[in-house]
2 protein chains.
Amino acid sequence: MEKIRILIAEDHKLIRETWTFILNTDSRFTVVASCSDSSEAVEIAAIKNPEIVLMDINMMPLNGFEATARLAIVSPETKVIGLSFYSELLFVKKMFAAGAKGYITKNSGREEMYEAILAVHSGDLYVCEEILKQGFDVHALPVMDSSNIGTLTDNSMGSLTNKEIQISQCIRQGLRSKDIAGRLSISIKTVEVHRHNILRKLQVRNSVSLVNVLNSKNGYVKYSF
Amino acid sequence: MEKIRILIAEDHKLIRETWTFILNTDSRFTVVASCSDSSEAVEIAAIKNPEIVLMDINMMPLNGFEATARLAIVSPETKVIGLSFYSELLFVKKMFAAGAKGYITKNSGREEMYEAILAVHSGDLYVCEEILKQGFDVHALPVMDSSNIGTLTDNSMGSLTNKEIQISQCIRQGLRSKDIAGRLSISIKTVEVHRHNILRKLQVRNSVSLVNVLNSKNGYVKYSF
DNA sequence: TTCCTACTAAGTGTTTACCCTTATATCTTC
DNA sequence: GAAGATATAAGGGTAAACACTTAGTAGGAA
């Protein structure tokens with residue numbers, strides 16, 4: 001039986017090396033390359049056409065969403081599985097919108113990683129247990145093909161209006177609704193409506209999480225400790 | 001030759017399982033247990049007396065510093081190697097002050113993890129390349145033994161106590177006081193007191209500003225893409 | 001011992017955030 | 001002109017954060 005050819009794109013060396021090791025140890029898989037750089041991942045994929053890419057969403061210089069969308073162009077046969085510490089549905093959706101076929105978090109089990117690779121390789125979509133539990137329905141997503149891949153990769157911030165973006169920047173600075181209202185010369189109630197809409201659109205439940213999402217978009221990578 | 005007996009304490013299941021796998025694959029090592037809970041790590045160590053503990057510094061309900069200090073009491077022969085995403089010297093120092101004998105980041109190589117285990121097992125102190133490059137001199141540290149272990153887990157970080165640091169990290173993750181109370185098994189009221197004290201000590205007026213201060217000090221890496 | 005710090009947790013407020021609905025005016029766009 | 005999106009802002013509600021106080025316990029230090 002042919003081994004499934006895998007590319008690992010993950011910026012933490014220890015994780016990248018251990019995953020390479022365990023996948024190569026399994027007779028079903030072979031890691032054809034690994035890299036810590038997302039641009040490199042796209043280049044390598046274009047040359048080696050791996051069947052599967054394990055793609056961390058926190059990478060330089062492109063984030064996982066952008067790298068996934070580009071990868072779909074240079075190597076359409078390659079299937080991407082998103083990998084991250086986050087189970088935030090926003091990231092999951094963004095990865096699928098970018099053309100990913102699977103998503104697992106680092107709270108998944110080792111067996112779950114195998115399952116994900118096998119499922120995606122055989123043409124299925126896959127998300128891990130942790131994300132399923134949040135009520136995410138992978139089959140309810142619009143089908144992603146060459147016609148619309150990448151079109152939704154900016155939908156999070158893109159769906160925020162100018163005012164919402166402006167206000168979210170104020171929130172990020174630690175300003176209260178009262179402060180924002182004063183600064184923008186609008187009613188506190190208006191600010192509150194905007195806040196609510198921002199949280200709803202970005203699917204977070206409080207301002208701290210909002211700021212985390214905003215930071216992750218603008219190039220901050222959040223580590224948890 | 002006797003295998004080196006290892007306990008892995010790491011909250012991300014996928015990482016925990018892959019490390020268990022690769023260490024068990026190597027004839028020099030055997031993973032006697034692994035867990036995602038720091039209290040459990042202390043309990044297990046007390047029973048199994050592993051020679052080495054690989055301890056992630058981000059754990060619940062104790063952080064890595066506290067777990068390491070307690071471990072020194074219940075299993076003095078056990079040597080702890082700190083593991084984290086951070087090369088922040090503050091965290092490295094705190095871990096050594098808590099009694100750790102080694103520290104590697106997740107940017108270390110797989111071979112470096114082996115080296116660390118072997119070095120620490122043979123009685124040396126060890127820090128990875130990445131930390132060495134920052135000019136950290138492990139041998140310049142005061143010697144840690146039963147008389148002073150834990151005494152230096154103090155106020156280098158803006159005079160926040162261990163509990164306050166732990167709670168501020170929970171806040172950073174977007175958790176509410178209710179969530180934090182549940183996770184740490186303490187009263188919401190206690191969490192609120194800590195929150196209040198944290199804000200007062202760091203001279204900020206809300207959680208978003210707190211997170212900004214925490215991010216500016218450590219843990220966040222600004223990427224440009 | 002006494003002192004000090006940390007952790008715990010209660011009480012009692014005020015303020016802010018967040019949820020949901022309704023509504024008006026303006027603007028583009030089909 | 002109708003439809004849709006945006007910005008505005010109000011009312012009424014719950015939940016959470018924040019402010020301040022008191023107080024018991026535990027442990028180490030003086």
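Naming: A, B, ... by sequence-line order, numbering from 1 per chain.
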Remember a base hit wins even if backbone is also touched, and classify Thr190(B) as base, sugar-phosphate or nothing at under 4.0 Å, heavy atoms. base

Before accepting this row, confirm whether a basic side-chain N of the pair Lys189(A)/Glu192(A) lies closer than 4.0 Å to the acidic partner's carboxylate O. yes

Euclidean distance, atom [atom1] of residue [X] to atom [atom2] of [N] [Å, nearest integer]:
{"X": "His194(A)", "N": "dA5(D)", "atom1": "NE2", "atom2": "P", "result": "16 Å"}
{"X": "Ile188(B)", "N": "dA17(D)", "atom1": "CD1", "atom2": "C1'", "result": "12 Å"}
{"X": "Asn162(B)", "N": "dG27(D)", "atom1": "CG", "atom2": "P", "result": "16 Å"}
{"X": "Asn197(B)", "N": "dC18(D)", "atom1": "CG", "atom2": "C1'", "result": "12 Å"}
{"X": "Arg176(B)", "N": "dA16(D)", "atom1": "CZ", "atom2": "C1'", "result": "8 Å"}

Nucleotide range of DNA chain C contacted by chain A, 5' to 3', under 4.0 Å to a heavy atom? dT16(C) to dC19(C)

Per the end-axis method with five pairs at each terminus, what is the bend angle of the helix from dT1(C)-dA30(D) to dC30(C)-dG1(D), to 10°? 40°

Salt bridge (Lys or Arg N to Asp or Glu O under 4.0 Å) partners for [X], two or more places apart:
{"X": "Lys3(B)", "value": "none"}
{"X": "Glu17(B)", "value": "none"}
{"X": "Glu115(A)", "value": "none"}

Audit row: Ile167(B), Leu184(B), side-chain contact (heavy atoms from CB on, under 4.5 Å) steps and yes/no: CA-CA 9 Å; Ile167(B) 285 174; Leu184(B) 304 184; 3.8 Å; yes

Below 3.5 Å between N/O atoms, which protein atoms pair up with nucleotides 19-26 of chain D? Just atom names and distances, please.
none

